[in-house]
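So the structure is just underneath, and the comments pick up after that.
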Amino acid sequence: GAILGGWIDRIRNQFALFGVLEVIVGITVLCILPIMHQLPSYVVPIVTSFAGSFQTLLTIEFLLVFALMVVPTFVMGGIFPLAAKIASRHLNRVDRSVGEIYAANTLGAVFGSFAAGFILIPAFGVQSTIFIGVAINIAIGVFFLIKGSQTLLPRIGAVGIVLVALSAMVLFPAPDPLLLNSAPYLYAHRYEGKETRDAIPLERVMKKNRRLLFAEDGLTASVTVVESAGELYLKVNGKTDASSKGDLRSQSLLSHLPLILHSDPSDVLLVGLGSGISLGAAEQHPVKRIECVEISTEVAAACRLFGKVN
């Protein structure tokens with residue numbers, strides 16, 4: 001905003017400029033999405049190459065994210081001073097106009113964060129929520145482009161932008177939940193070892209012999225259930241948090257040990273449902289009441305797939 005602030009004053013048609021900036025935000029986000037979908041396969045060589053230095057690894061990750069986000073973030077920073085400039089064209093009410101823009105910006109940020117996290121992502125998923133944001137940006141941009149245009153050509157161009165953006169969103173490939181939830185930050189060395197040993201592409205290694213049974217994006221995490229070699233794995237943001245075989249003993253002992261050691265257990269509080277195996281183990285003891293607390297509704301839904309081992 002500080003960089004664009006002085007340049008904005010030189011532009012005569014500020015309505016059209018506002019429209020252009022809004023469209024740029026929407027289009028650049030659409031262009032970033034395909035890269036984001038492939039990001040886990042890019043992270044693997046970064047982690048394996050620089051895992052020995054946390055500072056270097058963090059710096060490279062920062063630069064990667066910065067490169068992806070710099071254009072839309074830079075442009076969004078210029079939208080606020082431009083909106084304030086448009087609203088305060090009359091000098092006798094500059095203070096009130098700028099205050100109203102500040103208020104609208106603050107309320108929009110609060111409502112947008114709430115709507116995205118609590119309503120849109122749980123209801124439609126991450127990609128559809130991004131598309132909704134892109135559509136809003138482009139719709140606002142086209143409105144101001146048309147409002148600020150005195151000739152027919154820019155208006156035709158604005159309609160063309162809408163058609164291209166809509167076509168892109170309709171034809172856009174869905175992200176692969178297996179790849180996005182492959183947790184390269186944790187399993188990078190394992191993936192690279194298999195890539196070298198089996199001589200197959202890295203992306204294929206990250207999805208090999210895995211069958212997706214459940215995938216939902218939520219307020220707190222992305223939750224998946226994957227079947228591999230006859231075993232079920234519950235993954236939260238890609239990290240395996242429970243399984244139907246390998247973790248079965250430890251998950252059961254989490255409940256059995258304290259209840260065996262307690263002289264007279266009656267009320268049980270279990271924090272975290274996971275696959276439900278710890279809860280099922282607690283139910284084998286003669287207690288009066290069990291309460292289980294789980295922050296993720298997606299984990300509670302995924303737990304049903306572990307019914308046979310509960």
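These numbers come from a predicted model, not from an experiment.
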### Message
If the test is side chain to side chain contact (heavy atoms under 4.5 Å, CB included), which one of V65, V43, I46 qualifies with I60?
### Response
I46
### Task
Indicate the atoms forming the closest heavy-atom contact of H37 with P173, along with that distance.
CE1-O, 3.9 Å
#### Entry: Residue pair L179, Q38: steps toward the side chain to side chain contact (heavy atoms under 4.5 Å, CB included) verdict
CA-CA 8 Å; L179 185 62; Q38 299 299 317; 3.9 Å; yes
### Query
Once the angle between the rings of Y187 and Y191 is folded into 0 to 90°, is it parallel (under 30°), tilted (30 to 60°) or perpendicular (over 60°)?
perpendicular
### Query
Is there side-chain contact between L178 and M206, with heavy atoms separated by less than 4.5 Å?
no
### Exercise: do E100 and Y102 side chains pair donor with acceptor under 3.5 Å
no
### Message
Would Q284 and H256 count as a side chain to side chain donor-acceptor pair (under 3.5 Å) here? Give the steps.
### Response
CA-CA 9 Å; Q284 307 305 310; H256 287 314; over 6 Å; no
### 4.5 Å side-chain heavy-atom contact, V223 and K235
no
### Task
Go through the steps for H285 and V268 under the test side chain to side chain contact (heavy atoms under 4.5 Å, CB included), then give the verdict.
CA-CA 10 Å; H285 295 263; V268 176; over 6 Å; no
#### Entry: Electrostatic pair R289-E291, nearest N-O below 4.0 angstrom
yes
### Message
Let's go through R249 and D247 carefully: what are the C-alpha distance in whole Å and the side-chain angles of both, what is the deciding distance for salt bridge (Lys or Arg N to Asp or Glu O under 4.0 Å) to 0.1 Å, and is it a yes or a no?
### Response
CA-CA 6 Å; R249 187 172 299 175; D247 295 324; over 6 Å; no
### Backbone of K208 reached by a side-chain donor or acceptor of R210 within 3.5 Å
yes
### Summary
On a heavy-atom basis, the closest approach of I32 and L68 is CD1-O, 2.7 Å
### Message
With a 4.5 Å cut-off on side-chain heavy atoms, are V293 and L270 touching?
### Response
no
### Query
Looking just at side-chain N and O atoms, do T48 and E192 make a donor-acceptor pair shorter than 3.5 Å?
yes
### Message
With side chain to side chain contact (heavy atoms under 4.5 Å, CB included) as the criterion, how do I277 and L248 come out once you've worked through the C-alpha distance, each side chain's angles and the decisive distance to 0.1 Å?
### Response
CA-CA 7 Å; I277 292 171; L248 194 58; 3.3 Å; yes
#### Entry: Heavy-atom side-chain proximity of K239 to V236 below 4.5 angstrom
no
### Query
Is there a side chain to side chain donor-acceptor pair (under 3.5 Å) between E231 and S243 once you walk through the steps?
CA-CA 7 Å; E231 186 169 0; S243 65; 3.2 Å; yes
### Message
With clusters defined by side-chain heavy atoms of hydrophobic residues (ILVMFWY) lying less than 4.5 Å apart, directly or transitively, does V29 cluster with I79?
### Response
yes
### Query
How far apart are the closest heavy atoms of L259 and A282, and which atoms are they?
CD1-CA, 3.8 Å
### Query
Between Q251 and S278, do the side chains contain an N or O donor and an N or O acceptor separated by less than 3.5 Å?
no
### Task
Using the rule that two of Ile, Leu, Val, Met, Phe, Trp, Tyr join whenever any of their side-chain heavy atoms come within less than 4.5 Å, decide whether V25 and I132 are in one cluster.
yes
### Note, T297 side chain near P122 side chain (heavy atom, < 4.5 Å)
no
### Task
Verify, without hydrogens or angle tests, whether H262 (side chain) and D264 (backbone) share a donor-acceptor contact under 3.5 angstrom.
yes
### Task
Let me know which of D241, T240, T224 forms a side chain to side chain contact (heavy atoms under 4.5 Å, CB included) with Y233.
T240
### P184 vs V44 side-chain heavy atoms within contact, under 4.5 Å
yes
#### Entry: Closest contact, heavy atoms only, G274 versus C303
O-CB, 3.6 Å
### Message
Looking at every non-hydrogen atom in both residues, tell me the closest pair between D217 and V126 and how far apart they are.
### Response
OD2-N, 3.4 Å
### Query
Are L180 and L234 joined in one hydrophobic group, where the rule is that I, L, V, M, F, W and Y side chains link up if heavy atoms are under 4.5 Å apart?
no
#### Entry: OH (Y42) with more than 12 external heavy atoms under 6.0 Å
yes
### Message
How long is the straight-line distance from CG of L64 back to CG of L39, given to the nearest 0.5 Å?
### Response
5.5 Å
### Message
Quiz question: by atom type and distance under 3.5 Å, do the side chains of S296 and E298 form a donor-acceptor pair?
### Response
yes
### Shortest non-hydrogen separation from I101 to F80 and the atoms involved
CG2-CE1, 3.4 Å
### Task
For the pair R211 and E227, find out whether any cationic side-chain nitrogen is under 4.0 Å from an anionic carboxylate oxygen.
yes
### Task
Report, as yes or no, whether the 6.0 Å neighbourhood of atom CG on L186 holds more than 12 heavy atoms from other residues, nucleotides or ligands.
yes
### Query
Between V142 and M76, is there a shared hydrophobic cluster once you connect ILVMFWY residues whose side-chain heavy atoms come closer than 4.5 Å?
yes
#### Entry: Presence of salt bridge, K288 and D267, under 4.0 angstrom
no
### Task
Check whether any side-chain heavy atom of E22 sits under 4.5 Å from a side-chain heavy atom of I138, and report yes or no.
no
### Task
Please state whether the rings of F144 and F18 are parallel, tilted or perpendicular, taking 30° and 60° as the class boundaries.
tilted
### Task
Check whether L232 and L273 end up in the same hydrophobic cluster, where Ile, Leu, Val, Met, Phe, Trp and Tyr are linked by side-chain heavy atoms less than 4.5 Å apart.
no
### F131-F124 aromatic ring centre distance below 6.0 Å
no
